[in-house]
Amino acid sequence: MVDRGGSALSLPDDWPAHPDPILALNRMGSFDWDLDTGLMQMDAQAHEVLDMRPDEYDDHPETLSKRVPPGEARRLDTAVSQALKDGSENYGAYFRIRRRDGTLRWTHTQGYIRRDETGRPRRIIGIVRDATQELGEIDAHRDQAAQDEARRQQTSVVELTTAALAHARTLQDVIDVLKDTHGLVHLGATSLVMGLVEAGRIRLVAEGPSDSFVPGTRVTRIDEPYPMSEAVRTLGPCFIESPQEFAERYPTLWPHITDLNITSAAYLPLIVQARPIGAMGLLYSDRYGFTPEERDILVALGSSIAQSLQRAMFYEQEMDLAQGLQQAMLPRTIPSVPGADVAVRYRAATIGGSVGRDIGGDWYDLIPLPGGRVGAVIGDVQGHDTHAAAVMGQLRIVLRAYAAEGHPPATVMARASVFLHELDTDRSATCLYAEADLTTGVLQMVRAGHIDPLVRHTDGSCRRVTVPGGLPLGLSAEFGRLDYPVGTIELDPGDTLLLCTDGLVEQPGADLDDGMRALSALVATGPDDVRDLAERLIDVAAERGGDDDVALLLLRRRGPEGPQSGRRLQRHVTPGDPAALSDARHMIRTAVAAWGAGDRADEIELVADELITNALMHTEGSAVVTLRAFSGSERRLRVEVEDSSSALPRRREAGESGVSGRGLLLVELLTDVWGVEARGGGKAVWCEFVVPDHD
């Protein structure tokens with residue numbers, strides 16, 4: 001107000017002659033601030049504008065602090081100080097006061113600075129007025145803009161979180177999106193907890209940050225006094241708007257989270273098809289309470305997260321089923337093969353997030369065969385789905401059965417093609433079947449549209465083996481082209497055969513030959529041990545990714561350890577040809593003597609004659625007699641008589657004359673071991689004799 005103390009300083013030149021009535025009419029108050037004494041006098045209207053009673057103000061500006069909030073006071077002091085320093089004659093500023101009812105009201109002040117002859121400020125005379133109406137519309141606009149911005153930010157929380165969850169395929173993916181730093185920032189929360197309902201309990205699956213875990217909450221009952229349990233029980237959100245409310249409603253939990261400085265929290269049920277699958281808690285340290293809009297946004301967020309969790313659960317269930325089917329279709333174990341080291345690997349592809357498409361029809365198999373032989377199979381049924389896996393399982397079984405029956409490789413492949421063609425399916429399959437005689441190293445291979453194998457030699461070099469091929473299985477039968485040419489190579493001791501599917505070789509946009517060369521270089525520089533080499537190859541495939549499965553089989557022929565076939569003689573004997581039978585007996589007698597087994601010559605010749613006679617008498621076909629000599633820890637002679645009948649020999653009672661029915665009895669008595677093997681369209685009866693080493 002104007003100076004009541006008779007100060008010599010004059011009012012500003014433009015100051016009204018009678019200010020009090022004019023100011024009062026305009027709802028303005030005046031003040032007179034003596035800068036030398038620091039005292040500031042105000043009139044009654046100024047007291048009213050500042051909502052202060054006369055007895056509450058003692059002419060010291062500091063007393064106004066009960067009405068002017070600290071932030072507003074600092075801003076006002078800055079405006080006055082700047083005007084005093086830069087030589088200004090006046091200043092003006094808007095600031096807010098806090099009325100005695102706690103509400104804030106906009107106020108405006110205008111001050112005129114009086115200086116002495118030296119320019120030093122000595123006095124400020126000014127006015128204060130209520131600016132509520134003036135700024136009301138501006139405030140309303142600002143408030144509306146702030147509300148709109150807050151609503152946009154809250155909506156963006158749902159949009160950002162939903163966008164991040166769109167790429168989550170597994171439950172762990174969903175958890176990672178929600179609990180990492182960016183996820184918490186999107187959610188606007190300080191920390192997060194999430195639990196899933198399992199067998200009437202809630203199992204905690206996520207908490208973030210990592211130091212926010214509360215001991216004893218890993219698994220809780222739904223009826224326990226926890227906010228997450230309440231959200232699951234009631235199927236409704238649980239909002240906690242202050243620390244006091246948290247402590248009162250959940251006294252068991254509150255003491256464990258006080259260090260997190262939580263000021264409010266929202267626990268949201270995760271509901272899918274009216275059934276709770278879990279709950280999520282968002283804890284805040286910078287807010288109190290939730291507006292209706294914020295509650296709606298959080299409920300929508302919980303619904304989005306629940307849908308993502310359901311998709312992830314379905315995906316994992318489908319994956320478990322698919323992978324279980326895949327594993328059931330592949331061989332459970334790989335048999336130990338004398339004379340060879342074997343390693344197999346399988347890697348499923350990951351294809352664009354499509355549930356159920358992470359398996360396919362790739363397979364491997366290893367089939368023990370008679371006579372020290374082994375069959376190795378690699379194949380790929382067209383497609384990436386459970387149907388491809390089911391077809392693969394059927395095809396693997398029949399191919400194994402045909403090989404075990406003793407059919408030659410070309411016949412095995414042709415029969416498998418006919419089988420696949422006769423199935424009620426539109427799938428074809430590529431396949432490579434290799435039959436190895438580990439005693440001689442001879443390897444016979446047939447290829448049905450599959451990629452060629454590789455062989456790594458003992459010197460570390462690796463080469464692609466070109467195998468003549470036919471059409472894929474199923475197609476060759478459909479087009480009547482069942483002739484599969486056979487390729488033959490020899491594996492030396494220490495050589496490794498590599499069979500794989502094209503997922504290990506092919507890359508998008510790359511040539512197959514380039515892929516084979518790259519694989520050959522990788523194999524050549526790989527570990528010697530087949531298991532380590534297989535692991536390295538499958539790791540490279542995993543690092544490269546790709547949308548195709550990988551099946552891999554490695555077979556390394558070991559050096560001589562046990563008995564090895566050194567000599568082999570063979571004769572065909574046809575019915576009604578005494579000369580052929582006589583030649584076979586002579587061959588056996590001569591070979592036994594030449595191979596140093598004369599001590600058992602009579603026994604060997606008698607048993608061989610019995611087996612040949614049985615084959616000629618009971619099969620009405622020819623017989624093939626093979627005599628082999630094995631060396632090793634003990635020398636053995638092996639006699640095989642092969643015929644075209646699949647009927648197994650059986651022991652019969654001797655007739656009245658005592659001449660017939662004693663064949664198998666003689667075989668059992670005179671041989672060290674004997675047996676029967678299926679051989680394609682017939683069988684082979686074999687027996688072995690241990691002979692002393694006279695060296």
Side-chain angles (χ1 to χ4, degrees), residues 368-373 404-408 437 439-440 563 565-631 634-655 657-692:
L369 299 173
R373 295 172 298 122
E405 286 180 354
H407 297 290
D437 187 335
T439 59
T440 63
S565 177
R567 301 155 184 167
R568 178 176 178 271
L569 296 173
Q570 192 172 73
R571 283 285 189 277
H572 279 73
V573 181
T574 58
D577 186 355
L581 181 58
S582 176
D583 289 344
R585 290 169 177 166
H586 177 74
M587 176 195 74
I588 294 171
R589 189 181 311 112
T590 303
V592 168
W595 293 349
D599 293 345
R600 304 199 66 176
D602 293 339
E603 299 172 13
I604 296 172
E605 185 177 350
L606 179 59
V607 169
D609 190 67
E610 180 64 31
L611 295 180
I612 296 171
T613 302
N614 283 342
L616 296 176
M617 289 181 58
H618 300 295
T619 65
E620 297 181 356
S622 62
V624 179
V625 183
T626 304
L627 186 65
R628 301 173 187 265
F630 294 91
S631 60
E634 61 180 14
R635 297 175 65 239
R636 292 181 295 115
L637 286 181
R638 179 185 178 100
V639 177
E640 296 178 359
V641 177
E642 185 175 353
D643 59 50
S644 59
S645 172
S646 59
L648 298 178
R650 57 188 180 87
R651 181 180 297 176
R652 296 181 295 112
E653 295 295 331
S657 62
V659 175
S660 177
R662 304 185 187 273
L664 290 184
L665 180 59
L666 285 174
V667 173
E668 289 180 355
L669 290 175
L670 299 179
T671 63
D672 292 297
V673 61
W674 75 283
V676 183
E677 296 175 356
R679 293 286 177 86
K683 66 178 180 299
V685 182
W686 59 270
C687 55
E688 292 184 355
F689 301 83
V690 176
V691 296

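We're numbering straight along the sequence, starting at 1.
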| said: Salt bridge check, Lys683 against Asp643: does any charged N sit closer than 4.0 Å to a carboxylate O? | reply: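 Judged by the 4.0 Å cut-off on N to carboxylate O distance, Asp643 and Lys683 do form a salt bridge.
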| field | Residues forming a side-chain hydrogen bond (donor to acceptor under 3.5 Å, both in side chains) with Arg600, sequence neighbours excluded | value |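 Once residues adjacent in sequence are excluded, the partners of Arg600 under the side-chain hydrogen bond (donor to acceptor under 3.5 Å, both in side chains) criterion are Glu603, Asp672.
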| said: For Arg585, give me all partners under side-chain hydrogen bond (donor to acceptor under 3.5 Å, both in side chains), at least two apart in sequence or on another chain. | reply: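 So Arg585 forms a side-chain hydrogen bond (donor to acceptor under 3.5 Å, both in side chains) with Asp609.
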Grab the two heavy atoms, one from [X] and one from [Y], that are nearest each other, plus how far apart they are.
| X | Y | result |
| --- | --- | --- |
| Trp686 | Val676 | NE1-N, 3.7 Å |
| Pro575 | Leu616 | N-CD2, 4.0 Å |
| Gln570 | Thr626 | NE2-OG1, 2.8 Å |
| Ile588 | Ala608 | CD1-CB, 3.4 Å |

| Are side-chain heavy atoms of Asp599 and Val691 found at a separation under 4.5 Å? |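 No, too far: nothing below the 4.5 Å cut-off.
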| said: Assess the residue pair Val624 and Val641 against the criterion (side chain to side chain contact (heavy atoms under 4.5 Å, CB included)); give the C-alpha distance rounded to whole Å, side-chain angles, the decisive distance to 0.1 Å, and a yes or no. | reply: CA-CA 6 Å; Val624 179; Val641 177; over 6 Å; no
| query | Could you walk me through whether Trp674 and Glu668 pass the side chain to side chain contact (heavy atoms under 4.5 Å, CB included) check? | reply | CA-CA 7 Å; Trp674 75 283; Glu668 289 180 355; 3.5 Å; yes
| Cys687/Val673 under side chain to side chain contact (heavy atoms under 4.5 Å, CB included): CA gap, chis, key distance, verdict | CA-CA 6 Å; Cys687 55; Val673 61; over 6 Å; no
Partner residues of [X] under the side-chain contact (heavy atoms from CB on, under 4.5 Å) criterion, sequence neighbours left out:
| X | result |
| --- | --- |
| Ala684 | Glu642, Arg679 |
| Thr574 | Asp577, Ser622 |
| Thr590 | His586 |
| Leu569 | Met587, Ala591, Trp595 |

Measuring from [X]:[atom1] to [Y]:[atom2], what's the distance to the nearest 0.5 Å?
| X | Y | atom1 | atom2 | value |
| --- | --- | --- | --- | --- |
| His572 | Asp583 | NE2 | CG | 13.5 Å |
| Thr671 | Leu611 | OG1 | CG | 9.0 Å |
| Leu581 | Arg571 | CG | CZ | 12.5 Å |

| task | Go through the steps for Leu637 and Val592 under the test side chain to side chain contact (heavy atoms under 4.5 Å, CB included), then give the verdict. | result | CA-CA 8 Å; Leu637 286 181; Val592 168; 4.1 Å; yes
| field | From Asp602, Leu669, Val667, Leu666, residue fulfilling side chain to side chain contact (heavy atoms under 4.5 Å, CB included) relative to Val607 | value |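 Passing option: Val667.
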